[in-house]
**Q** 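The following block contains the structure, expressed as structure tokens.
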Amino acid sequence: MKNKAPASLWPALDAQAGVRNIEDWGALLSRSLMRFNVESDRPGAFQGYLRNRKVAGIEFIEMSTGQHTAHRGAESINSTDRPDYLLCLQIAGLGEFSQDNRTAILQPGDLTLFDTTRPTTVISSTDYRNLCMKFPQHLISLSPGQIGQLTATRTGAREGFAPAAGALLMTLNQLMDTISGRSRILAAQGALDLITTMFQSQLDISSPPHTGPAQPLVEQVQSHIDKHLSDPELGPGAIAAAHYISLRQLHSVFHAEGLTVASWIRNRRLQRCRRDLSDPALQSVSAAAIGMRWGFKTASHFGNTFRETFGQTPAEFRHQATSVSSETDGGAASTEASKSPI
């Protein structure tokens, strides 16, 4: 086993960037990523490096480690933690990801996905290097039932959109410290759009899915919601009437996918608002007007909902998104200059 990562993987950052025993690695993961129980055959000789950078609610996590096992059991998962997905790109070595009774073994260039709210085991080889994109589950326009089909499955390096997604993650990781705040946010959102497209392609969304007879109705309703987001009166009653179904049936088909109608509408509206707030062409439009453009009935309702979801006001998010000054991280496992989570 090689105990020292290549010099290029150990930049001169804060001392917390690298650790030299398995106990410190577990602590670094808990502080910077999520809680894992970690084990290594040579705990005292273990070395690991991690850097975590955040932008627009999305985190880019680069790590290089020696051989070890990291297990995230039910006891490590707190119900108050933010539900996230992690898309992981293998750069060097081998990675074995297990979740939902499936295991994906990744070679360089391969991708896999896992859900932070479910038990997970990751086994890393010697000279393991990985780049992950971590994002809130509500930022992606696919249901938990759909995404659940993709966890711990291997997407080959040359399969479908994987080459484009992998190249984009690598490019963003390299440029994150040199591009402006606005560009960083737009690039992160673009990456999320590409990843969503990749997931839709893998699930063959355009074809009748195989998850049950209610699924086509869910997709039809979600499309209807997207077309009517600007209507402040859009709600379960109007949606059920438009599809000639009962309220009970509407709520039932969403519940089967782990969703609620109200939360889906709210999250889709918030996504549109985030996009408009980060658009420099709309700087002359007030944040309140953008909120009401996408169906929020009052400025205070929009502001409160945005802050509760993203941890900062619409105005604070817009200032960060449209800033022309370059933002740099403070080293490994750091947040940006703003104390906000996005």
**Q** With a 4.5 Å cut-off on side-chain heavy atoms, are Leu86 and Leu33 touching?
**A** yes
**Q** Nearest 0.5 Å please: distance from the CG atom of Asp279 over to the CZ atom of Arg274.
**A** 14.0 Å
**Q** Quick one: closest heavy-atom pair of Ala188 and Val55, and the distance?
**A** CB-CG1, 3.9 Å
**Q** Counting only heavy atoms not in Glu23, do more than 12 sit closer than 6.0 Å to its CD atom?
**A** yes
**Q** Is the shortest side-chain heavy-atom distance between Leu111 and Phe161 below 4.5 Å?
**A** no
**Q** Considering non-hydrogen atoms only, spot the tightest contact between Thr116 and Arg82 and give its length.
**A** OG1-O, 3.8 Å
**Q** Could you give the distance from CG (Leu113) to CD1 (Ile140), rounded to the nearest 0.5 Å?
**A** 7.5 Å
**Q** Evaluate the side chain to side chain contact (heavy atoms under 4.5 Å, CB included) criterion for residues Leu270 and His138: first the C-alpha distance (whole Å), next the side-chain angles of each, then the deciding distance (0.1 Å), finally the verdict.
**A** CA-CA 10 Å; Leu270 287 170; His138 63 74; over 6 Å; no
**Q** What closest approach, in Å, do Ala162 and Thr155 show between heavy atoms, and which atom pair accounts for it?
**A** CB-CG2, 3.7 Å
**Q** I'd like to know if the side chain of Gln137 reaches the main chain of Pro144, judged simply by a donor and an acceptor atom lying under 3.5 Å from each other, with no hydrogens or angles considered.
**A** no
**Q** Going through the checks in order, is the side chain to side chain contact (heavy atoms under 4.5 Å, CB included) test met by Ile91 and Glu62?
**A** CA-CA 10 Å; Ile91 299 175; Glu62 179 184 3; 5.7 Å; no
**Q** Rounded to the nearest 0.5 Å, what separation is found between the CZ atom of Arg266 and the OG1 atom of Thr260?
**A** 6.5 Å
**Q** So, the side chain of Gln99 versus the backbone of Asp115: is there a donor-acceptor pair under 3.5 Å, distance only?
**A** yes
**Q** Quick check for you: to the nearest 0.5 Å, what is the distance between Thr171 atom OG1 and Met176 atom CE?
**A** 10.5 Å
**Q** Does atom NE2 (His224) have a neighbourhood of more than 12 heavy atoms from anything else shown, all under 6.0 Å?
**A** yes
**Q** Please examine the side chains of Asn173 and Arg53, heavy atoms only from C-beta on, and report whether any two atoms are closer than 4.5 Å.
**A** yes
**Q** Side chains of residues 242-251: which donor-acceptor pairs under 3.5 Å do they make with residues two or more places apart or in other chains?
**A**
from, atom 1, to, atom 2, distance (Å)
His243, ND1, Ile239, O, 2.9
Ser246, OG, Gln249, N, 3.0

**Q** Answer yes if Leu168 and Met170 sit in the same cluster of Ile, Leu, Val, Met, Phe, Trp and Tyr residues linked by side chain heavy atoms under 4.5 Å apart, and no otherwise.
**A** yes
**Q** Kindly work out whether a path of hydrophobic side-chain contacts (I/L/V/M/F/W/Y, heavy atoms less than 4.5 Å apart) joins Ile123 to Leu29.
**A** no
**Q** Taking atom CZ as the centre, does Arg268 end up with more than 12 heavy-atom neighbours from other residues, nucleotides or ligands that are less than 6.0 angstrom away?
**A** yes
**Q** Would you please test Leu106 and Tyr128 for side chain to side chain contact (heavy atoms under 4.5 Å, CB included) and show each step?
**A** CA-CA 11 Å; Leu106 271 59; Tyr128 169 96; over 6 Å; no
**Q** Verify, without hydrogens or angle tests, whether Ser223 (side chain) and Glu219 (backbone) share a donor-acceptor contact under 3.5 angstrom.
**A** no
**Q** For a 4.5 angstrom cut-off between non-hydrogen side-chain atoms, does Met63 reach Leu28?
**A** no
**Q** Examine Ile105 and Leu89 and state if one hydrophobic cluster contains both, with Ile, Leu, Val, Met, Phe, Trp and Tyr joined whenever side-chain heavy atoms are less than 4.5 Å apart.
**A** no
**Q** Nearest 0.5 Å please: distance from the CZ atom of Arg154 over to the CZ atom of Arg102.
**A** 15.0 Å
**Q** Is a donor from one side chain sitting under 3.5 angstrom from an acceptor on the other, for Thr69 and Glu39?
**A** no
**Q** With side chains defined as the heavy atoms from C-beta onward, is the minimum distance between Trp25 and Ile22 less than 4.5 Å?
**A** yes
**Q** Looking at Thr196 and Leu192, would you say the former's side chain and the latter's main chain have a donor-acceptor pair under 3.5 Å?
**A** yes
**Q** Can you give me the closest heavy-atom contact between Gln67 and Ser40, atom names plus distance?
**A** O-OG, 3.3 Å
**Q** Dump the intermediate steps for side-chain hydrogen bond (donor to acceptor under 3.5 Å, both in side chains) on Asp100 and Thr151, then the final yes or no.
**A** CA-CA 7 Å; Asp100 296 328; Thr151 54; 2.8 Å; yes
**Q** Short question: side chain of Arg35, backbone of Ile77 - any donor-acceptor pair under 3.5 Å?
**A** no
**Q** Report yes or no: does Thr112 contribute a side-chain atom to a donor-acceptor pair with the main-chain N or O of Thr153 at less than 3.5 Å?
**A** yes
**Q** Could you tell me whether the side chain of Asn52 and the main chain of Ser32 form a donor-acceptor pair under 3.5 Å?
**A** yes
**Q** Are Gln107 and Gln90 close enough that some pair of their side-chain heavy atoms sits under 4.5 Å apart?
**A** no
**Q** Sequence neighbours left out, what passes ring-ring contact (aromatic ring centres under 6.0 Å, His included) with Phe302? Give chain and number order.
**A** Phe296, Phe306
**Q** A side-chain contact here means heavy atoms from C-beta on lying under 4.5 Å apart; do Leu150 and Tyr85 qualify?
**A** no
**Q** In Å, rounded to the nearest 0.5 Å, how long is the span from OG of Ser76 to NE2 of His71?
**A** 7.0 Å
**Q** Are Leu203 and Phe254 linked, directly or through intermediate hydrophobic residues, by side-chain heavy-atom contacts shorter than 4.5 Å (ILVMFWY only)?
**A** yes
**Q** Minimum heavy-atom separation for Met133 to Ala191, with atom names?
**A** CE-CB, 3.9 Å
**Q** In the structure I gave you, are the side-chain heavy atoms of Phe46 and Asp24 within less than 4.5 Å of one another anywhere?
**A** no
**Q** Begin from the C-alpha positions of Asp81 and Thr117 and carry the test side chain to side chain contact (heavy atoms under 4.5 Å, CB included) through to its verdict.
**A** CA-CA 8 Å; Asp81 291 343; Thr117 68; over 6 Å; no
**Q** Is there a path of hydrophobic side-chain contacts, each under 4.5 Å between heavy atoms, that joins Trp294 and Met292?
**A** no
**Q** On a heavy-atom basis, which atom in Val261 and which in Pro236 lie closest, and how many Å separate them?
**A** CG1-CG, 4.1 Å
**Q** Among residues at least two apart in sequence or on other chains, which ones pass salt bridge (Lys or Arg N to Asp or Glu O under 4.0 Å) with Asp231?
**A** none
